[in-house]
Amino acid sequence: MSKDLITGAEALMRSLEHQGVKTMFGYPGGSIMPVFDALYDHLNHIHHILVRHEQGAVHAAQGFARASGEVGVCLVTSGPGATNTITGIADAMIDSTPLVVIAGQVGIGFLGTDAFQEVDLVGITQPITKWSYQIRSAEDVPWAVARAFYIAKSGRPGPVVLDFAKNAQVEKAAYVPTKLDYIRSYVPVPDTDPQSILEAAELINNAERPLVLVGQGVELGNAQQELREFIEKANLPAGCTLLGLSALPTAHPLNKGMLGMHGNLGPNVNTNKCDVLIAIGMRFDDRVTGNLATYAPQAKVIHFDIDPSEINKNVKVDVAVLGDCKQTITEVSKLLKPNKHTKWIDTFKTYEDIELEKVINPELNPLSETLSMGEVVRAVSEATNNEAILVTDVGQNQMMAARYFKYTKDRSILTSGGLGTMGFSLPAAIGATFGRPDRTVCSFMGDGGLQMNIQELGTIMEQKAPVKIIVLNNNFLGNVRQWQAMFFNRKYSFTPMLNPDYMKIASAYEIPSARVMTREELKKGIADMLATDGPFLLEACVIEEGNVMPMTPPGGSVNQMLLEC
């Protein structure tokens, strides 16, 4: 314990360093100014990235966290600075991303007076965080920071908010370095019932048509290798959720593709044919299940999860295996008997052939001279030897990128899953370049999503962040237009986009760029992009009314996927 008294702002900096923080994202303002003043003297230890909007700070911290496996940190001021983070906080909560968001607040003497830039941040964020706390005195800083980091990263990860009153930033107190690994009444990892291990293994050993559903929880739990050993021992075919796609290499023979509304035909149809459904680290999102009344009614359901609140929330399960999946998968694997399931696995090939003919080949080899989204995605993936980190925005670009990108490494897809936040990709990709500077980061977005957070091109310019930006420009809000075409009699109500010249904008931000319209231009454009040391914007002009297929229509069953619009 230091005998010297230091300010709360200085205590925050020391506490962050004590937690191992080396990178953070933020934007200064009046109520957080003492903290930024203290930060100035810690820049040898903490790299602060100045974003251009507070929403960009949170998404960048998300990208950093998802790519690196560490806690993302951002620092903002009170009032509008704090409320600008709400979308990113909600996004992190539903997608289980570990964040610590530190916001300035007016002094406690002004609380409740509608002071300048005062807002009840704790009240606003309590429903969308794991913990939200107001620091009112300098002596509370080390304890609050230690608690915040422990809660954010333990168990099922998620966001934590620290609302830092200005008086606590300038007051002085003794500094006590603090770390926590226990909080009374908080149980991040529930005990595993040994009986559930036995019951799960018995169901799997007796299954004739097993199917594994792989969620992001496998990657959050660093259980990728355990998953592979699990499915390989009993020859269990697997489908992956959107956020779980890179938990299993695309080329793995037991990987049968993506689950969900725009997933692959085989794993979706066979969900309603399997006799044992084994869900690992996923939450049975409605985009995966479709109509719950018709979802896998024939199957016994085993659910591996670290969060007890997910059990029976959407789908009634027969066996709940609570605990850290890195341990629970291993325990069940020990009891599995080698198996083949040859006849069952062969059924996936039938659906793969149908999808290849009806959907994939037409998308990757379109008859039109205009580029398709899928062929652009696949070309970029292959040019990176399928080793890049894919960061997507939301919409058609997201689904096409997820479907046609290939994954060979862990933590290779960063996307806004549960909240579906347009504008996510650009700042998240910035964060990913700091989280994993050793990897190529490819940021796919539509012309609509780019303009949601286009100001973060300024962050890229200043930081020279080597984001490879691929704009799939179809001059539409493509996903909404597709629904309008399929379900609203082609009434394109406010979905056509009048777009600016993205190359001129890129030039203004000193970012090299290219616009491609033909396959020859695409090949050269990708080569130039990847050969460029630093950021690059590649605008691909694609088919304006292309559609993402297959598709489970809203309210439909997973085994009733449409193959054409």
Take T440 and T384, measure what side-chain hydrogen bond (donor to acceptor under 3.5 Å, both in side chains) needs, and give me the verdict at the end. CA-CA 8 Å; T440 300; T384 64; over 6 Å; no
Let me see the working for N475 and R481 under side-chain hydrogen bond (donor to acceptor under 3.5 Å, both in side chains), right down to the final yes or no. CA-CA 11 Å; N475 297 302; R481 183 212 55 77; over 6 Å; no
For a ring-ring contact (aromatic ring centres under 6.0 Å, His included) check, start with the C-alpha distance between F434 and H47, then their side-chain angles and the critical distance, and finish with the verdict. CA-CA 10 Å; F434 287 99; H47 182 196; 5.4 Å; yes
Walk me through it: do Q224 and N222 pass the test side-chain hydrogen bond (donor to acceptor under 3.5 Å, both in side chains)? CA-CA 6 Å; Q224 297 91 338; N222 297 309; 4.6 Å; no
Side chain to side chain contact (heavy atoms under 4.5 Å, CB included) assessment of V119 paired with I124: CA-CA 9 Å; V119 70; I124 292 171; 3.5 Å; yes
Does Q396 form a side-chain hydrogen bond (donor to acceptor under 3.5 Å, both in side chains) with N474? I'd like the steps, not just the answer. CA-CA 10 Å; Q396 286 186 319; N474 59 6; 3.3 Å; yes
Evaluate the criterion side chain to side chain contact (heavy atoms under 4.5 Å, CB included) for residue pair L242 and Q398; output intermediate values, then yes/no. CA-CA 10 Å; L242 174 64; Q398 178 185 36; 3.8 Å; yes
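Side-chain contact check for N291 versus Q560: every heavy-atom pair is 4.5 Å or farther apart. Counting heavy atoms from C-beta outward, I46 and E17 have side chains that approach closer than 4.5 Å. F424 is not listed as a side-chain neighbour of M445, based on a closest heavy-atom distance of 4.5 Å or more. Side-chain contact check for W131 versus T129: every heavy-atom pair is 4.5 Å or farther apart. By the 4.5 Å heavy-atom criterion applied to side chains, C240 and L259 are not counted as neighbours. Two residues are said to be in side-chain contact when any heavy atoms from C-beta on lie closer than 4.5 Å; I280 and L227 meet this criterion. Using a 4.5 Å cut-off on side-chain heavy atoms (C-beta onward), M549 and K358 make no contact. Side chains of Y502 and N473 form a contact here, defined as non-hydrogen atoms less than 4.5 Å apart.
For the side-chain contact (heavy atoms from CB on, under 4.5 Å) with L538, the lone residue among I469, I526, V376 that qualifies is I526. The one candidate from V467, V441, I413 that meets the side-chain contact (heavy atoms from CB on, under 4.5 Å) condition with V391 is V441.
With hydrogens and angles disregarded, a donor-acceptor distance shorter than 3.5 Å links the side chain of D120 to the backbone of G123. At distances below 3.5 Å, not a single donor-acceptor pair connects side-chain atoms of H45 with backbone N or O atoms of K22. Proximity of a side-chain donor or acceptor of R283 to a complementary backbone N or O of D95 within less than 3.5 Å is not detected. When atom types are taken as modelled, the side chain of T250 and the backbone of Y407 share a donor-acceptor pair closer than 3.5 angstrom. Side chain of E545 to backbone of A485: no donor-acceptor contact under 3.5 angstrom is found. Looking at S381, its side chain never comes within 3.5 Å of a backbone N or O of F405 through a donor-acceptor pair. A distance-only check finds a donor-acceptor pair linking the side chain of R411 to the backbone of E219 [under 3.5 Å]. In this structure, the side chain of T532 does not engage the main chain of G534 through any donor-acceptor pair within 3.5 Å. When atom types are taken as modelled, the side chain of D91 and the backbone of T87 share no donor-acceptor pair closer than 3.5 angstrom. One N or O on the side chain of N314 and one on the backbone of F284 form a donor-acceptor pair closer than 3.5 Å.
At a threshold of 4.0 Å, the pair E387-K406 does not count as salt-bridged, since none of the basic side-chain nitrogens sits closer than that to a carboxylate oxygen. Checked for salt-bridge contact, E510 and K464 miss the test: no charged N lies under 4.0 Å from a carboxylate O. A salt bridge between E375 and R519 is present, with a side-chain N of the basic residue lying under 4.0 Å from a carboxylate O of the acidic one. Between E363 and R378 there is no salt bridge, since none of the side-chain N atoms of the basic residue sits less than 4.0 Å from a carboxylate O of the acidic one. A salt bridge is defined here as a Lys NZ or Arg NE, NH1 or NH2 lying under 4.0 Å from an Asp or Glu carboxylate O, and R515 with E539 meets this definition. E462 has a carboxylate O that lies under 4.0 Å from a charged side-chain N of R52, or vice versa, which qualifies the two as a salt bridge. R228 has a carboxylate O that lies under 4.0 Å from a charged side-chain N of D410, or vice versa, which qualifies the two as a salt bridge. With respect to the salt-bridge test (charged N to carboxylate O, under 4.0 angstrom), the residues D285 and R287 do not qualify.
Note that CD of E456 and CZ of F25 are 10.5 Å apart. Values are rounded to the nearest 0.5 Å. Interatomic distance, L563 CG to E357 CD, rounded to the nearest 0.5 Å: 10.0 Å. Taking CG of N268 as the start and NE2 of H262 as the end, the distance is 11.0 Å to the nearest 0.5 Å. From I89, atom CD1 reaches atom CD1 of I94 across 14.5 Å, with rounding to the nearest 0.5 Å. In this structure, the separation between CG on N264 and NZ on K256 is 11.0 Å, given to the nearest 0.5 Å. The structure places CZ of R66 at 5.0 Å from CG of L243, a figure rounded to the nearest 0.5 Å.
Applying the 6.0 Å contact sphere to OH of Y492 captures more than 12 heavy atoms from other residues, nucleotides or ligands. Within 6.0 Å of the OH atom in Y27, the count of heavy atoms belonging to other residues, nucleotides or ligands does not exceed 12. Summarising the local packing, CE of M503 is surrounded by more than 12 heavy atoms from other residues, nucleotides or ligands at distances under 6.0 Å. Sparse packing is recorded around CG of D533, with 12 or fewer heavy atoms of other residues, nucleotides or ligands lying under 6.0 Å away.
Classified by interplanar angle (parallel below 30°, tilted 30° to 60°, perpendicular above 60°), the ring pair F487/W483 is perpendicular.
Scanning all heavy atoms of the two residues, the minimum distance from V73 to T23 falls at CB-O, 4.3 Å. Between D447 and F476 the shortest heavy-atom distance is OD2-N, 3.4 Å. Nearest heavy atoms, V214 versus A238: CG2-CB, 4.0 Å. Here the closest heavy-atom approach between residue K130 and residue R156 is recorded as NZ-O, 2.9 Å. Contact record, T552 with S557: CG2-O, 3.3 Å, taken as the closest heavy-atom pair. Of all the heavy atoms in G449 and D393, the pair that sits closest is CA-OD2, 3.4 Å.
No side-chain donor from either of S246 and S412 sits under 3.5 Å from a side-chain acceptor of the other. A donor-acceptor pair shorter than 3.5 Å cannot be found between the side chains of S31 and T77.
Considering only residues two or more places apart in sequence or on other chains, V76 meets the side-chain contact (heavy atoms from CB on, under 4.5 Å) condition with E54, T85, A103. Looking at residues two or more places apart in sequence or on another chain, you find a side-chain contact (heavy atoms from CB on, under 4.5 Å) between V480 and Q484, T495.
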